[in-house]
A.B. asks: 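Pasting a structure below so you can have a look.
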Amino acid sequence: MTEQEYDFNAIEKKWQTFWEQNKTFKVNDFELGKPKFYCLDMFPYPSGAGLHVGHPEGYTATDILCRYKRMRGFNVLHPMGWDAFGLPAEQYAVETGTHPAITTERNINRFRQQIKALGFSYDWDREVNTTDPKYYRWTQWIFSQLYKKGLAYVAEVPVNWCPALGTVLSNEEVINGLSERGGHPVIRKPMRQWMLRITEYAERLLADLDELDWSEGIKEMQRNWIGKSTGAEVVFEIAGSGHKVTVYTTRPDTLFGATYMVLAPEHPLVDELVTDGQRGEVALYREQSARKSDMDRTELNTEKTGVFTGAYAVNPVTGGKIPVWVADYVLISYGTGAIMAVPAHDTRDFEFACKFALPVICIIEPDGESAVAAGVSVDAVLAGKACWTGDGSLINSANDMGLDINGMDVERAVRTVIEWLEGKGIGRSAVKYKLRDWLFSRQRYWGEPFPIVHMQGGETKLLEDSELPVVLPELEDFKPMGTGEPPLAKAKEWLDYTDQATGQKGVRETNTMPQWAGSCWYYLRYIDPQNELAAVTSEKEKYWMPVDLYVGGAEHAVLHLLYARFWHKVLFDLGYVSTKEPFQKLVNQGMILGLSYKDQRGALVPMEQVEHRAEGVFSKLTGEVLTEFPAKMSKSLKNVVNPDDVIREYGADSMRLYEMFMGPLEAVKPWNTKGVEGVFRFLKRVHRMINEQPLEKVALTADQNRLVHATIKKVTDDLESMSFNTAISQMMIYVNEFSGRGKVLPLDAAETLVLLLAPFAPHLCEELWQSLGHNETIAYAAWPAYDEKLLQVAEVEVLVQVSGKPKARVMMPCEADNGFMQELALGQETVRAALEGKTILKVVCVPGRLVNIVAK
RNA sequence: GCCAGAGUGGCGAAAUGGCAGACGCAGCAGACUCAAAAUCUGCCGCCCGCAAGGGUGUGAGGGUUCGACUCCCUCCUCUGGCACCA
């Protein structure tokens with residue numbers, strides 16, 4: 001055979017064209033006799049910067065799995081699309097006047113071309129784009145369903161208003177009180193907003209997590225976000241007035257230790273309760289805390305503030321009067337916006353009580369042992385000089401109204417107090433969640449319009465399904481008004497609406513939906529992307545759902561995944577989808593970091609000032625020694641790796657293989673271009689081996705056969721568990737064994753390798769498969785099977801240890817029994833020498849592995 | 001502060017109770033070459049030793065076990081998330 005170079009460029013172009021022209025990866029619904037496999041990637045936001053090396057990591061993993069599943073006879077749904085609404089395109093439009101639709105289309109084309117260059121086996125006929133009216137028509141339709149079900153409502157709520165950007169921002173877009181883009185200050189401002197009642201689904205969103213095959217870490221993050229707590233609501237009377245205040249507490253057992261009460265500054269009863277003497281001070285305090293930005297709130301975290309209202313509440317178990325304070329460490333948005341303060345057993349209350357000299361009454365004697373472990377003095381707690389939040393024994397907790405919990409532990413006391421309160425009708429057990437309703441409107445242009453019209457009569461009208469989509473109007477000027485009025489308010493003609501039936505006039509809703517909307521249901525649209533009569537037809541939905549595997553970055557651990565689950569559950573309740581949960585299995589790929597450098601003072605040094613020498617890494621400017629460390633890729637450090645460059649130099653197959661070889665998919669790992677050269681060498685070797693070594697139809701030796709079957713087993717098992725890195729290692733071992741200049745290569749060994757490697761390096765393997773004489777694509781060739789019997793060896797090397805120290809290695813039959821092993825081991829000269837003058841206490845035999853002789 | 005995850009050679013890592021460091025990168029030595037690239041061969045945790053060999057070693061300390069990177073307890077460090085949620 002003639003020498004051929006591994007021309008990855010020609011090979012990759014050839015097969016990408018082949019797949020495209022032959023629609024190799026077009027998938028049909030309802031394939032007979034094939035199990036389905038729905039494998040989903042988190043679709044990208046097509047930014048102007050193009051793909052970075054993080055995107056292909058997850059995409060490569062899913063592509064390998066999809067190609068493997070096809071070879072195993074699965075009907076595989078593997079689609080791609082674009083999450084294209086969002087702020088960057090709109091900002092760009094404001095700056096340049098370029099319509100976001102144009103920017104978006106340009107970016108999508110770039111992304112599509114970059115993704116195709118990696119040879120992913122997507123069914124491109126199912127591509128979706130959230131900004132396409134044919135798509136967002138159904139996003140609007142789902143909103144209609146939410147609205148009809150009473151899950152969408154308008155409320156005046158405080159939002160993150162950024163005056164510099166002239167828009168509200170979501171909580172995720174605000175970092176330490178500054179806007180994520182531009183770093184402008186953000187203030188709280190009440191505005192009329194659309195909200196979605198996600199809180200109504202809090203319990204199910206929490207409970208159904210248990211059935212999902214997600215990492216415990218992600219599930220725990222969702223649980224914490226939903227933040228369920230159980231406790232009690234207790235009614236306190238305000239002395240000398242008819243008012244009652246309900247507080248929420250998780251520790252009703254500590255009621256005897258409640259020495260004051262705190263209301264949130266925004267609590268509606270503050271005005272009613274405040275005494276004339278305190279009115280001025282309270283008003284001032286409320287004003288101050290209302291003005292506090294998010295940044296102030298986080299920074300002032302440490303120091304507690306508050307003022308006395310002058311009013312007193314009556315502790316319902318002691319009958320004692322306790323002062324009512326106003327303080328912003330109590331949040332109006334959680335619980336009832338009012339608390340009973342138990343400084344002896346709550347760290348925040350303790351801090352506050354110390355600062356304002358409020359009484360501290362200990363009513364739980366700490367467990368001695370746990371107090372010692374926590375470094376807390378029991379005497380100090382009993383004297384009210386220290387705070388104890390752990391378990392213990394109740395003291396000073398009895399009254400003459402039939403309640404006595406002295407001596408009980410916390411758990412029993414909680415139950416007893418709740419029963420007592422319920423009996424008296426002044427309290428009840430209660431469940432609270434941290435989860436808040438979802439602020440669902442934005443004052444932006446580049447988002448889905450709401451299917452809502454405000455009629456002249458004041459009525460809010462939901463548009464008929466036949467009136468969808470409400471298409472975004474063309475605008476010349478995308479700038480926000482600065483008043484909080486959305487840019488759509490400028491689309492004068494579009495705004496006017498006339499009801500076809502009644503002739504009534506109205507004005508369209510000018511807010512748009514947040515970027516999350518489109519991504520809440522895209523996995524359903526892939527199933528039936530062209531359907532103009534429904535978001536998805538029921539038969540197809542039943543066939544494909546749920547998503548069997550969902551892969552994406554952990555940055556969406558809470559929000560996207562929670563929002564999508566919420567919508568899915570609503571659609572489930574309405575009978576539009578057949579599964580309770582959308583994503584059965586979820587895997588989060590770890591971030592790929594760039595190599596970064598810092599100088600002696602710890603200052604970051606950009607890549608272009610870094611010089612590599614044999615002795616180490618130095619700064620080109622100062623000549624000082626630099627330290628290498630992995631950090632997030634960033635424009636400022638100039639350490640962003642562009643996949644295009646990698647593909648140009650080493651090819652898409654090397655790029656794919658390297659990203660999988662770096663380490664476990666879920667681990668965070670640093671990029672090292674030198675590593676790409678390693679897998680590139682491996683692929684060159686495979687290419688050379690099959691093209692240049694004499695290929696013969698010869699029988700494999702027993703050792704070769706064992707390696708072939710062991711490799712099939714290892715690669716198969718590793719693919720099932722998504723351990724791509726070790727599967728690649730095994731194939732390297734295989735190639736190291738079979739390759740060599742002039743060495744005869746058994747045809748079976750060659751074919752098996754090409755089949756096993758095909759999901760990882762599909763272009764090269766299609767080419768090699770063809771050169772091995774196959775006319776069909778390898779994409780649907782049968783996955784090799786292994787024979788467990790061929791993995792077995794007649795004899796194994798067994799390690800003989802004396803008291804744990806290796807002393808000899810002995811070949812023994814695999815099925816040797818303990819007696820035989822022991823005898824053989826004791827017969828070894830080195831073993832006998834080591835046992836000289838010692839008594840054997842015990843012999844441990846592990847068949848096929850080792851013999852350990854314990855002697856003294 | 002709370003929750004989760006992770007700490008193994010110069011580097012990415014492997015081994016989930018049985019010979020730590022497979023596989024790869026970098027490095028060193030050699031072959032081929034006028035030379036370079038590519039390719040091939042060998043070495044490659046640390047310490048002592050010319051070597052044979054010995055000692056030591058998976059963040060630290062303790063425990064369970066014939067045997068621990070792996071299981072249990074305490075602590076330290078790093079990463080991610082949440083953060084006055086009563």
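The figures that follow rest on heavy atoms only: side chains count, while hydrogens, waters and symmetry mates do not. Below, read A as the first sequence line, B as the second, and so on, with proteins coming before strands; counting in each chain starts at 1. Computed from a predicted structure; not experimentally measured.
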A.B. asks: Please evaluate the base of B:C19 for a donor-acceptor partner in the side chain of A:R809 within a cut-off of under 3.5 Å?
C.D. replies: yes
A.B. asks: Nearest whole angstrom, please: distance from the C1' of B:A86 to the CE of A:M340.
C.D. replies: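 The answer, rounded to whole Å, is 9 Å.
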A.B. asks: Checking contacts here: which listed nucleotide (B:G24, B:A86, B:C25) is nearest the side-chain heavy atoms of A:S229?
C.D. replies: B:A86
A.B. asks: Using the C1' atom as the point on both nucleotides, what is the distance between B:G81 and B:G63, in whole Å?
C.D. replies: 33 Å
A.B. asks: Given B:C25, B:A22, B:G18, identify the nucleotide with an atom nearest to the side chain of A:K674.
C.D. replies: B:C25
A.B. asks: So, A:W214 side chain and A:G217 main chain: donor-acceptor pair closer than 3.5 Å or not?
C.D. replies: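 Not at all, since once roles are kept as given, no pair shorter than 3.5 Å links the two residues.
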A.B. asks: Would you mind telling me which of B:C23, B:C66, B:C19 lies closest to the side-chain atoms of A:S729?
C.D. replies: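 Of the options given, the side chain of A:S729 lies nearest B:C23.
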A.B. asks: A:P664 has a side chain; which of B:G12, B:C3, B:A14 sits nearest to it?
C.D. replies: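 Of B:G12, B:C3, B:A14, B:A14 is nearest to the side chain of A:P664.
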A.B. asks: Quick check on RNA chain B: between A:S739 and A:K805, whose nearest nucleotide comes earlier from the 5' end?
C.D. replies: A:S739
A.B. asks: Verify the contact: side-chain N or O of A:K842 to OP1 or OP2 of B:C66, cut-off strictly under 4.0 Å; return yes or no.
C.D. replies: yes
A.B. asks: With both distances under 3.5 angstrom, what nucleotide forms a Watson-Crick or G-U wobble pair with B:U56?
C.D. replies: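 With both distances under 3.5 Å, B:U56 matches B:G45.
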A.B. asks: Could you check which nucleotide pairs with B:C2 in any of the strands shown, counting Watson-Crick or G-U wobble with both distances under 3.5 Å?
C.D. replies: B:G81
A.B. asks: Using a distance-only test with no angle check, is there a side-chain donor-acceptor pair under 3.5 angstrom linking A:E677 and A:Y658?
C.D. replies: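 No - no donor-acceptor pair under 3.5 Å links their side chains.
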A.B. asks: When rounded to the nearest Å, what value does the distance between C1' atoms of B:G18 and B:G7 take?
C.D. replies: 24 Å
A.B. asks: In terms of relative ring orientation, are A:Y563 and A:W438 parallel, tilted or perpendicular, with 30° and 60° separating the classes?
C.D. replies: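 Answer is parallel, since the angle falls under 30°.
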A.B. asks: Answer yes or no: does a side-chain N or O of A:R681 lie under 4.0 Å from OP1 or OP2 of B:A26?
C.D. replies: yes
A.B. asks: With both distances under 3.5 Å as the test, what is the Watson-Crick or G-U wobble partner of B:U70?
C.D. replies: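 Because no pair has both required distances under 3.5 Å, B:U70 counts as unpaired.
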A.B. asks: Give a yes/no on whether any side-chain N or O of A:R688 is located under 4.0 angstrom from OP1 or OP2 of B:C40.
C.D. replies: yes
A.B. asks: When the P atoms of B:U41 and B:C23 are considered, how many whole Å apart are they?
C.D. replies: 13 Å
A.B. asks: Does B:G9 adopt a syn or an anti glycosidic conformation, taking syn as a chi angle within 90° of 0?
C.D. replies: syn
A.B. asks: Have a look at A:V846 and say if it touches a base, only the backbone sugar-phosphate, or nothing, with a 4.0 Å heavy-atom cut-off.
C.D. replies: base
A.B. asks: In whole Å, measure the gap between the C1' atoms of B:C69 and B:G21 for me.
C.D. replies: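 The answer is 11 Å between these two C1' atoms.
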A.B. asks: Let me know the distance between CG of A:L683 and P of B:U39, rounded to the nearest Å.
C.D. replies: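 Roughly 12 Å, once rounded to whole Å.
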A.B. asks: If we take the C1' atom in both B:C46 and B:U8, what is their distance in whole Å?
C.D. replies: 14 Å
A.B. asks: Of the listed nucleotides (B:A86, B:G81, B:A4), which one gets closest to any side-chain atom of A:T249?
C.D. replies: B:A86
A.B. asks: Determine the Euclidean distance between corresponding C1' atoms of B:U33 and B:C40; express it in Å to zero decimal places.
C.D. replies: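 One C1' to the other, the span is 13 Å.
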A.B. asks: Is any side-chain N of the basic residue among A:E203 and A:K228 closer than 4.0 Å to the acidic one's carboxylate O?
C.D. replies: yes
A.B. asks: Check the distance between B:G27's C1' and A:E677's CD and give it to me in whole angstrom.
C.D. replies: 15 Å
A.B. asks: Say you pick atom P in B:C66 and the same atom in B:C11; how far apart are they, in whole Å?
C.D. replies: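 My reading of the P atoms in B:C66 and B:C11 gives 36 Å.
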A.B. asks: Side-chain contact, heavy-atom cut-off 4.5 Å: A:T309 with A:W325?
C.D. replies: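 A side-chain contact under 4.5 Å is absent here.
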A.B. asks: Examine B:U39: is either OP1 or OP2 under 4.0 Å from a nitrogen or oxygen in the side chain of A:K684? Give yes or no.
C.D. replies: yes
A.B. asks: Side chain of A:V854 only, please: which of B:C66, B:A86, B:A15 is the nearest?
C.D. replies: B:C66
A.B. asks: Can you find a heavy atom in the side chain of A:L835 that is under 4.5 Å from one in the side chain of A:I853?
C.D. replies: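 In short, these two side chains touch, coming nearer than 4.5 Å.
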A.B. asks: How would you label the contact of A:N852 with the nucleic acid (heavy atoms, under 4.0 Å): base, sugar-phosphate, or nothing?
C.D. replies: base
A.B. asks: Counting heavy atoms from C-beta on, name the nucleotide in B:G12, B:A86, B:G18 closest to the side chain of A:M662.
C.D. replies: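 Out of B:G12, B:A86, B:G18, the nucleotide with an atom closest to A:M662's side chain is B:G12.
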A.B. asks: Are A:Y329 and A:F352 near enough that their ring centres are under 6.0 Å apart?
C.D. replies: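 Yes, the ring of A:Y329 comes within the 6.0 Å limit of the ring of A:F352, centre to centre.
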A.B. asks: Do A:E797 and B:C19 share a donor-acceptor pair, side chain to base, under 3.5 Å?
C.D. replies: yes
A.B. asks: Counting heavy atoms from C-beta on, name the nucleotide in B:G24, B:G18, B:C25 closest to the side chain of A:F661.
C.D. replies: B:G24
A.B. asks: Counting only side-chain N and O atoms of A:S215, is one of them less than 4.0 Å from OP1 or OP2 of B:A4?
C.D. replies: no
A.B. asks: Across all strands shown, which nucleotide pairs with B:G10 by Watson-Crick or G-U wobble geometry, both distances under 3.5 Å?
C.D. replies: B:C25
A.B. asks: Which part of the nucleic acid, if any, lies within contact of A:S803, taking any heavy atom under 4.0 Å across all strands shown: a base, the sugar-phosphate backbone alone, or nothing?
C.D. replies: nothing
A.B. asks: Checking contacts here: which listed nucleotide (B:A26, B:G81, B:C66) is nearest the side-chain heavy atoms of A:M221?
C.D. replies: B:G81
A.B. asks: Base, sugar-phosphate or nothing for A:G335? Non-hydrogen atoms, less than 4.0 Å.
C.D. replies: nothing
A.B. asks: Distance criterion of 3.5 Å, no angle test: do you see the side chain of A:K304 paired donor-to-acceptor with the base of B:C84?
C.D. replies: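 Answer yes: a donor N or O sits under 3.5 Å from an acceptor.
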A.B. asks: Hey, are A:Q693 and A:R741 close enough side-chain-wise for a donor-acceptor pair under 3.5 Å?
C.D. replies: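 No donor-acceptor contact under 3.5 Å links the two side chains.
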A.B. asks: Does NZ or CZ of A:K432 come closer than 6.0 Å to the centre of the six-membered ring of A:Y248, within 45° of the ring's axis?
C.D. replies: yes
A.B. asks: For B:A86 and A:Y334 - does any side-chain N or O of the residue sit under 4.0 Å from the phosphate oxygens OP1/OP2?
C.D. replies: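 Affirmative; the distance criterion is met.
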A.B. asks: May I ask which nucleotide in the shown strands pairs with B:A20, Watson-Crick or G-U wobble, both distances under 3.5 Å?
C.D. replies: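 Partner of B:A20: none.
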A.B. asks: Using whole Å, report how far CD of A:E220 lies from P of B:A6.
C.D. replies: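 Taking CD of A:E220 and P of B:A6, I get 14 Å after rounding.
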A.B. asks: Quick check: do A:D349 and A:Y260 have side-chain heavy atoms less than 4.5 Å from each other?
C.D. replies: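 SC-SC contact between A:D349 and A:Y260 confirmed.
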A.B. asks: Any side-chain N or O of A:R685 less than 4.0 Å from the OP1 or OP2 oxygen of B:C40?
C.D. replies: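 Checking A:R685 against B:C40: at least one side-chain N or O falls below 4.0 Å of OP1 or OP2.
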A.B. asks: Could you tell me how far apart A:E659 (CD) and B:G12 (C1') are, to the nearest whole angstrom?
C.D. replies: 14 Å
A.B. asks: Tell me: CG of A:L595 to C1' of B:G10, nearest whole Å?
C.D. replies: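 These atoms are roughly 13 Å apart.
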A.B. asks: Please state how far atom CE in A:M821 lies from atom P in B:G18, giving the value in whole angstrom units.
C.D. replies: 15 Å
A.B. asks: When rounded to the nearest Å, what value does the distance between P atoms of B:A35 and B:C47 take?
C.D. replies: 35 Å
A.B. asks: Specify the residue among A:G337 and A:M591 whose closest nucleotide of RNA chain B lies further upstream toward the 5′ end.
C.D. replies: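 Its nucleotide being nearer the 5' end, the pick is A:M591.
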A.B. asks: Output the rounded distance in Å from NZ (A:K219) to C1' (B:G81).
C.D. replies: 18 Å
A.B. asks: For B:G24 and A:N725 - does any side-chain N or O of the residue sit under 4.0 Å from the phosphate oxygens OP1/OP2?
C.D. replies: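 A:N725 to B:G24 OP1/OP2: no side-chain N or O under 4.0 Å.
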A.B. asks: Which nucleotide, B:C82, B:C66, B:A86, lies nearest any side-chain atom of A:W225?
C.D. replies: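 So the side chain of A:W225 is nearest to B:C82.
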